[in-house]
Amino acid sequence: MSGDDELDDWAAAMAEQADEEGKDDGARVAEFDELEEDREITPAEKRKLDTILDIPVTISMEVGRSHISIRNLLQLNQGSVVELERVAGEPLDVLVNGTLIAHGEVVVVNDKFGIRLTDVISQIERIKKLR
């Protein structure tokens with residue numbers, strides 16, 4: 001059965017149900033344009049996309065966390081070591097505006113630290129975490 005046949009069957013079932021109930025609640029079948037994968041974007045769409053692409057976000061890498069009391073926090077000084085919950089060699093968390101998007105490992109390039117992404121969280125999983 002094709003998608004159009006299923007849609008027609010659905011519309012017929014909805015109309016039949018409305019007739020049985022003796023009222024029309026104004027519900028109509030939505031009509032959507034077909035998605036075109038190879039379609040070029042219009043200049044207006046490009047301007048909208050450019051606007052979104054220029055929004056700044058904060059990206060941070062989290063090595064680990066630790067929970068300590070205020071008493072222990074006040075006792076920290078130069079040379080103190082704070083034990084983290086994460087095991088050495090475990091991937092770091094990559095966060096964008098506080099939302100986990102990937103895991104990675106620390107690299108050094110030209111005397112600067114960076115992170116190599118080893119696992120990127122899927123869009124579906126990121127959306128689920130927002131809820």
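Below, all heavy atoms of this structure are taken into account, side chains as well, without hydrogens, waters or symmetry copies.
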For this session: Answer yes if F113 and L92 sit in the same cluster of Ile, Leu, Val, Met, Phe, Trp and Tyr residues linked by side chain heavy atoms under 4.5 Å apart, and no otherwise.
Result: yes

Exercise. Does some side-chain heavy atom of D50 sit less than 4.5 Å from a side-chain heavy atom of K46?
Worked result: yes

Exercise. Is R116 salt-bridged to E105, going by a charged N under 4.0 Å from an acidic O?
Worked result: yes

Exercise. Can you name the closest pair of heavy atoms from S66 and E83 and give their distance?
Worked result: OG-O, 2.9 Å

Problem set entry | pair R86-R65: side-chain heavy atoms closer than 4.5 Å | no

Problem set entry | ILVMFWY network linking V57 to L100, side-chain heavy atoms under 4.5 angstrom | no

Problem set entry | Hphob cluster co-occupancy, V108 + M61, side-chain heavy atoms under 4.5 angstrom | yes

Exercise. With side chains defined as the heavy atoms from C-beta onward, is the minimum distance between I101 and V120 less than 4.5 Å?
Worked result: no

Exercise. Does some side-chain heavy atom of E62 sit less than 4.5 Å from a side-chain heavy atom of V94?
Worked result: no

For this session: For residues D93 and H103, determine if any side-chain heavy atom of one lies less than 4.5 Å from a side-chain heavy atom of the other.
Result: yes

Exercise. Mind checking whether I115 and V106 have side chains closer than 4.5 Å, heavy atoms only?
Worked result: no

Exercise. Quick one: does T58's side chain get under 4.5 Å of V96's, heavy atoms only?
Worked result: no

